Amino acid sequence: MYGAGMAKGLLVTMKNFVKPDRMFTVQYPDRKVSPTELAKMSGVGVFTFMRKNPKTAFKAMTGQMTVPARLKQHPRFRGEEFTWYEQRCTGCASCAKYCPLGIIRIVTSPSGEQVQEGQKYHLDVFDIDIGRCMFCGLCVEACPYDALHMGSGFEEGKYRRKDLVVTVDRLKSQPKHPSTWFRPQIQGKEGYHPHGEKDVTWQEAGRHEQPSRKHQEEKWAKR
Amino acid sequence: MAIRTEPVTVNLGPQHPSTHGVFRLRVTFDGEVVLDVEPVFGYLHRGTEKLAEERTYVQVVTLTDRLDYVSAMTNNLAYVRAVEKLAGIEVPERAKYLRVISSELQRIASHLIATGFLLQELGAFATPLMYCFRERERILELFEMLCGARITVSYMRPGGVLQDAPEDFWPALDELVKAMPQYIEELEGLITSNEIVLARTKDVGVLTAEKAINASVTGPMLRATGVQWDLRKADPHEVYDRVEFDVPIGAIGDTYDRYLVRVQEMRQSLRIIEQCVKQIPKGDIRSRTAYFIRPPVGDAYGAVESPKGELGFYLVSDGGIAPYRCKIRSPSFINLTVLRDLLAGWKMADLIIIFGSTDIVLGEVDR
Amino acid sequence: MEGQAVKAGFDFLGIYGFFDGLMPESLDWLAFLVAGFILAFAIINALVVSTAVYTWFERRALGKFQSRLGPNRWGPFGLLQPIADVVKFMSKEDTVPDGADRQVFTLAPIVFVATGFLVFALIPLGSNDWLSRLNIGLVFIIAVTSVNTLAIFMAGWSSRNKYAMFGAMRGVAMLISYEVPMALAIAAVALASQSLSTYTVVTNQEVPFMLVMPLAFFIFVAAASAEMSRTPFDLIESESELGSGYHTEYSGMKFALFQLAEFMAPIIVSCIVATLFLSGWRGWGPIPGQVWFILKALVVLCALLWFRATWPRLRVDQIMEFAWKGLFPLSLLNLFAVATEIQLLRDPVTGALTDSDMWAMAAINWAITGIVFLAVSRMFARKQLQRPLPKPSPLANMGAEAE
């Protein structure tokens, strides 16, 4: 029958119209919520919620209530930031060497204190110019001491190019929520997600087991 | 008295809604009919081949992501295969299967984009496009699980893949493989038997098998002409010789055939993925290779069947840590060579959909 | 049947009468002017506001069809989005391309919008609303909608852009072609209702004409969606081919006027369809006629939206073929059938048609429609749906090599 194909197409679109569960819009940075959802969030029934907060409920019913929303990301998502542990870094500059774009700048001086095993270089400068970075993660892959990790955030928009350079101070002060990209030892942890509150300490971030204090003392005594 | 008419030359692009990026066609029209077409490209030239000469073999992987930016996995695979041939690197079994799974997923994603944009160019107001993007989104989520990125994946490395799939990848993949056939069915219900689509695409832009072979056209465009040529069968790389799949071909090589071949290839890709999931062994995912690979002096050509056709990398080594020369045989670029023959004599609206059905990506054309 | 006596409602006579009563005899002309202004103000604002709401509705509904959300940020459920759009349009620079014909360039959007307002004035929203008793309403509608063509050509020609010119040329060819079947479909309506006034068309429409002459309904909807250049006939501004067709060069408020006219067109068309084929404000029960009318118009609007969300576009020659080889003969057939039926069925003395006559006509016309559609699908389906089976070419066959 002529026109049957067109009618079939109409049915397909109508099926998608009445079935909203396949809606794939992601609302970001905040999303609209319905009163039911708000009630569920505050842990009370819908009617109780509406009686207690009539104003908020009305706003939600007219579609004006928003709550902040984060994107659903896999813990492996490699975002546009880095997490760095100064305790683990020896300043070997492997990351700088392996960077395809040569945007990591490292200046070290032999004045670092003993943190893990033996002496260590002190990092005077550790600049990552994320304005030119393509976030391929080769630097993270190359890091022999698991000091550098990918992060999961991506809100790095700045008004000036020079603000895009991530300095060593910023890396130090940042909360430590690394991505589990190429770091299965973090992934192995129960329920870790970079969006969570919990920091990953420098001991946890390494791929090798931490030698105990006793082990270290014995090892150094043997020398 | 006859009215004097003269042909008019129009620049379609570089800014035009349906040139797939920054492509320019200098078209001479006689009214609505295309008289002559002159493709002009190079607006997206980034010098990938030259850049590759100054990167180590591993670093070049990140550049290949940006060639055909809707199918980064197959680009990675083609390059990595060339390096492995050059340096004689063995690949663990599990890595081979992971490579095949990810590149078949990428093929589905790429064909979805091709189909969606073809329909967009046919004038269906974004609905099929949105459906295609919706299904593609699920595939990109799987890529995010595999390698942390959705488009620029950089997943493969010479000697294997970057990292093993996480535990939650396999259930998600199963779910996708189960759900995908009915999505494709839905998409087909919207398009395949639609009389308007048939009227627009059937017998439009016919490419004959002789012409296609003479112009070394590859991929779905070649298969739509009836030539059964698929590198996955003709030169089975990775584990393609261990899985069963058909090579769908078209009847006469028109725009509709190109669309049909793509849709059927998506189904075949799902078949391949299903078999791979069953066969995949446990074990290493990356052989031990030096970070700075120094292949012996020589050259190698590695090619895979990318969603657009035969994607090949020709590498020449001088024994150093970086390729001496890297030549990319990009299917989009070579499929464009028949463009003038395809377009001349058709109407403007046909020009757009014939051009859309060749499914080029400008990142690959200009390199 | 409602009384033929003119009741003073919200129409020109009512307003004029009100002001005439207030003013002395010598100021009749002033009352006339004031009444005219009030009416124009009401029509324009009603249409503009409903268009604004409709843009929101269309975008939301299209979003749902495409399984996404659509505008949802401004105001409740994104209802203030049209206002945000207008503010954006107004703050844009109003550019006129170098070498454009300035006056025509400026005039085109105004002409384009004005036709919509003129047609809307004729729509009888209720049993006694607005200017609807113009006794040549149907002719007026046909005449005014064809002015659209002029506006499109003015815009395309004056902006000195090849894409705009393409769009304009296509537009002129298409719109003029579709005028013919549309006028013939309206002629069938005029025959059946024995009137040219939109008001009388509704009052004489005991049985909705959609049931009486389905073929005319189909022809009219197809031709009207071509007239307002919506999918599958949107080749005037086909954005995947021409950028945006005849209004490629427009920006700012001029572009906003084009957008306004474009979004106004579906509203007007659905109003006309509701009037001519769905028996206007007539309905059952205590629900007022205006509500019935709006409901009917809304159903047509949603159907047009549904088509837009689903179907691709036809090529220019296919569209012309559809008009001249498809709709034109069909509309002639329809007109002939309707005229013959009326001649046979009507009361020989008064010439009036009863309800049972209408139902008899409906039966005959449905039969004709069915036969026509079967014949057409026999003719085309075989040609179009059949394809040769794929056969591997011997040139480079992997299977052949293996054997």
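Proteins get letters first, then strands, A, B, ... in listed order; numbering begins at 1 in each. Quick caveat, the model's predicted, so the values are computed rather than measured.
A salt bridge between C/R170 and B/E32 is present, with a side-chain N of the basic residue lying under 4.0 Å from a carboxylate O of the acidic one. Between B/E265 and B/R223 there is a salt bridge, since a side-chain N of the basic residue sits under 4.0 Å from a carboxylate O of the acidic one. Note on B/R271 versus B/D246: salt bridge recorded, some NZ/NE/NH1/NH2 to OD/OE distance being below 4.0 Å. Note on B/R134 versus B/E186: salt bridge recorded, some NZ/NE/NH1/NH2 to OD/OE distance being below 4.0 Å. Ion pairing between a basic and an acidic side chain is recognised when a charged N comes within 4.0 Å of a carboxylate O; C/R313 and B/E121 show no such pairing. Electrostatic pairing of B/E195 and B/K202 does not count as a salt bridge here, judged by no charged N lying under 4.0 Å from a carboxylate O.
Here B/A126 is the residue among B/A126, B/A209, B/G31 with the most heavy-atom pairs under 4.5 Å with chain C. Ranked by heavy-atom pairs under 4.5 Å with chain B, the list C/L314, C/L62, C/D234, C/V316 is led by C/L314. Chain C forms the most heavy-atom pairs under 4.5 Å with one residue out of B/V197, B/L260, B/T9, and that residue is B/T9. With respect to chain C, the highest number of heavy-atom pairs below 4.5 Å among B/I352, B/V8, B/N194 belongs to B/I352. Counting heavy-atom pairs closer than 4.5 Å to chain C, the top residue among B/I252, B/L351, B/D257 is B/D257. Heavy-atom pairs under 4.5 Å with chain C were tallied for B/D350, B/I191, B/L119; the largest tally goes to B/D350.
For chain C, no part of B/Q15 is nearby; none of its heavy atoms comes within less than 4.5 Å. Of the two parts of B/L190, only the side chain, counted from C-beta on, holds a non-hydrogen atom closer than 4.5 Å to a non-hydrogen atom of chain C. For chain C, no part of B/F133 is nearby; none of its heavy atoms comes within less than 4.5 Å. For C/R68, the part lying near chain B is the side chain, with the backbone staying farther off; criterion is any non-hydrogen pair under 4.5 Å. With a threshold of 4.5 angstrom between heavy atoms, B/L222 does not approach chain C through any atom at all. Only the side chain of B/V204 has a heavy atom closer than 4.5 Å to any heavy atom of chain C. For B/D254, the part lying near chain C is the side chain, with the backbone staying farther off; criterion is any non-hydrogen pair under 4.5 Å.
For C/M169, the CE atom is loosely surrounded, since the number of other residues' heavy atoms within 6.0 Å does not exceed 12.
With hydrogens and angles left out, the side-chain atoms of B/T218 and B/W229 include no donor and acceptor closer than 3.5 Å.
Taking the centre of each ring, B/F23 and B/Y43 stay at or above the 6.0 Å mark.
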